[in-house]
Enquirer: 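For reference, the structure I am asking about is given below.
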Amino acid sequence: MAYPKDFIDTNDLTKEQVLAIEDLAIAMKKAIKVDGYYPHLLRNQSLGMIFQQVSTRTRVSFETAMCDLGGHAEFFGPGTIQLGGHESLGDTARVMGSLLDIMMARVNRHADVEGLAAGSAAPVLNGMSEFNHPTQEMGDLMTMLENLPEGKKIEDCTLAFIGDATQVCVSLMFIASKVGMHFVQFGPKGHQIPDGGLHVGTKEERAEFGKQLMAIGEENCKKSGGTIVISDDIECIKGADFVYTDVWYGLYDDEVSGTNYMDVFYPKYQVTMDMMNFAGPNSKFMHCLPATRNEEVTDEVMDNPERSLCWDEAENRKHSIRALLATFGRRTPLNDEDVEYSAKDELHAALAKIESL
Ligand code: CP
């Protein structure tokens, strides 16, 4: 199966395609960080960055990644371009797709990023919607691949997500099941993936949507050998290699709930050192960030140099987004014949793999 034009959802890719992008991300990270070699795979190209929501990591990662690849990026914040107002979304997509080489969008509604992709000749990358956060997933998988427990493959690892079924939680379930990991959500009833995540609608509509989310994960597991467990019993996190949490107050929450989140999640679902050690003596902490310190996670966990991966994970947003841009963008030749750098063979092999899939 060839790569699709757009990167909207990791479920549109095969396991091999996902892992090939991760290999490219790791090779380019080495080339740049170890040898200072910047692979200009998108020389002179333009990235348009559409943001209907605030962002630090995603915005900075896309902008700097595009620069590293020899291109440039332009930021379009909320209210700065016509997007489904006077001009239809399809018309905007058609025009922007002809002016730009590649686009990314963080949107209020998933249908908007799908609409942009449908109307644009240029590839569109999903920078987060209320449904999923696929660039976050790719950075997270890269971080886990770089921090595999001694003697384990990614397929042997358990990823335990603690808390609300945010789009990050749902996305982690997607990618973990895609690559054959064991995924656990430890969260309260009403906030579990089968309850519909951040989908807008009545309780029944959300439950119906939750069934669809679980069906996607279960289908992935059939192919990959992964497993999914959802529970409000802390026993489910025992043995987890990676313990992940997200905020209890999401960007999209106002529209789906008037819940007092402290009453629902605190203290049972706060990630503490006791919880980390209950998962396992070497379990690693992950968080997509931004975090609300001492709500969903304590300072002691977040700042623990032995156990916390959340800072590497934030940096890996850029490294993995660079590989996504190079995969979905129109690549220019490397022209590195006269350049020596230690990751050269690795980088060429990763690019050849991308080309072959
Ligand atoms: N994790 C993440 O998407 O961060 P930003 O909202 O800062 O982009």
Side-chain angles (χ1 to χ4, degrees), residues 7-10 21-22 25 47-68 73-80 102-110 112-113 116 124-144 146-147 159 161-176 197-198 242-255 271 284-293 295-297 301-303 308-325:
F7 179 67
I8 304 297
D9 186 341
T10 52
I21 296 170
E22 301 295 9
L47 166 73
M49 307 195 305
I50 299 169
F51 279 86
Q52 294 181 324
Q53 299 263 358
V54 293
S55 165
T56 299
R57 281 142 287 268
T58 310
R59 176 183 174 176
V60 176
S61 297
F62 267 100
E63 193 159 338
T64 52
M66 193 62 188
C67 177
D68 291 346
E74 191 157 353
F75 175 72
F76 306 105
T80 61
I102 188 162
M103 269 193 268
M104 64 77 59
R106 170 169 288 192
V107 293
N108 292 326
R109 291 282 161 264
H110 193 68
D112 284 355
V113 72
L116 279 170
V124 174
L125 279 61
N126 176 3
M128 191 172 89
S129 71
E130 84 287 11
F131 170 62
N132 66 349
H133 196 357
T135 64
Q136 179 73 50
E137 291 171 57
M138 294 299 288
D140 294 342
L141 178 59
M142 177 181 177
T143 308
M144 291 187 276
E146 288 181 329
N147 290 279
L159 166 62
F161 183 93
I162 318 297
D164 200 359
T166 60
Q167 71 281 75
V168 169
C169 171
V170 169
S171 290
L172 289 167
M173 185 265 279
F174 288 158
I175 202 153
L198 297 181
F242 302 99
V243 176
Y244 198 121
T245 193
D246 190 3
V247 289
W248 295 334
Y249 307 86
L251 281 173
Y252 299 88
D253 280 1
D254 292 354
E255 295 152 23
V271 181
K284 302 290 188 224
F285 172 71
M286 299 181 73
H287 193 308
C288 51
L289 304 180
T292 313
R293 282 176 174 267
E295 286 195 7
E296 73 270 12
V297 56
V301 173
M302 252 184 105
D303 297 328
S308 176
L309 296 177
C310 68
W311 311 108
D312 299 321
E313 192 184 347
E315 183 187 323
N316 277 341
R317 294 298 310 286
K318 166 170 155 155
H319 300 302
S320 51
I321 282 172
R322 209 189 276 124
L324 287 165
L325 288 167

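No hydrogens, no waters, no symmetry mates; every other heavy atom, side chains included, goes into these values. This chain uses plain numbering: 1 for the first residue, then up along the sequence. All ligand and atom numbering here is 1-based and tracks the order in the structure.
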Enquirer: With a heavy-atom distance limit of 4.0 Å, tell me whether L289 approaches ligand 1 through its side chain, its backbone, both, or neither.
Expert: backbone
Enquirer: Could you list the atoms of ligand 1 found under 4.0 angstrom from a heavy atom of T58?
Expert: 2 (C), 3 (O), 5 (P), 8 (O)
Enquirer: Check if R106 has a non-hydrogen atom at a distance under 4.0 Å from any atom of ligand 1.
Expert: yes
Enquirer: Within this structure, what is the CD-CD1 distance for the pair E74 and I50, rounded to the nearest 0.5 Å?
Expert: 11.0 Å
Enquirer: Should I102 and M66 be marked as a side chain to side chain contact (heavy atoms under 4.5 Å, CB included) after you check the CA-CA gap, both sets of side-chain angles, and the distance that decides it?
Expert: CA-CA 10 Å; I102 188 162; M66 193 62 188; 4.1 Å; yes
Enquirer: Are the side chain of W311 and the backbone of M302 linked by a donor-acceptor contact shorter than 3.5 Å?
Expert: yes
Enquirer: Please determine whether any non-hydrogen atom of M128 lies less than 4.0 Å from an atom of ligand 1.
Expert: no
Enquirer: Using a plain distance cutoff, I'd like to know if R59 has any nitrogen or oxygen under 3.5 Å from a nitrogen or oxygen of ligand 1.
Expert: no
Enquirer: Against heavy atoms of H133, which atoms of ligand 1 measure under 4.0 Å?
Expert: 2 (C), 3 (O)
Enquirer: Examine P290 against ligand 1 and note whether any of their N/O atoms are separated by less than 3.5 Å.
Expert: no
Enquirer: Do any N or O atoms from the side chain of D9 and from the backbone of N126 form a donor-acceptor pair under 3.5 angstrom?
Expert: no
Enquirer: For ligand 1, which atoms have a heavy atom of R317 less than 4.0 angstrom away?
Expert: 1 (N), 2 (C), 3 (O)
Enquirer: Take D140 and F242 through the side chain to side chain contact (heavy atoms under 4.5 Å, CB included) test and state the conclusion after the steps.
Expert: CA-CA 10 Å; D140 294 342; F242 302 99; over 6 Å; no
Enquirer: Okay, side chain of T245, backbone of I162: is any donor-acceptor separation there less than 3.5 Å?
Expert: yes
Enquirer: If you measure from atom 4 (O) of ligand 1 to every heavy atom of Q136, E313, R57, which option wins on shortest distance?
Expert: R57
Enquirer: Considering only heavy atoms of C288, which atoms of ligand 1 have at least one such atom less than 4.0 Å away?
Expert: 1 (N)
Enquirer: Students often mix this up, so state it plainly: with edges at 30° and 60°, are the rings of H110 and F131 parallel, tilted or perpendicular?
Expert: perpendicular
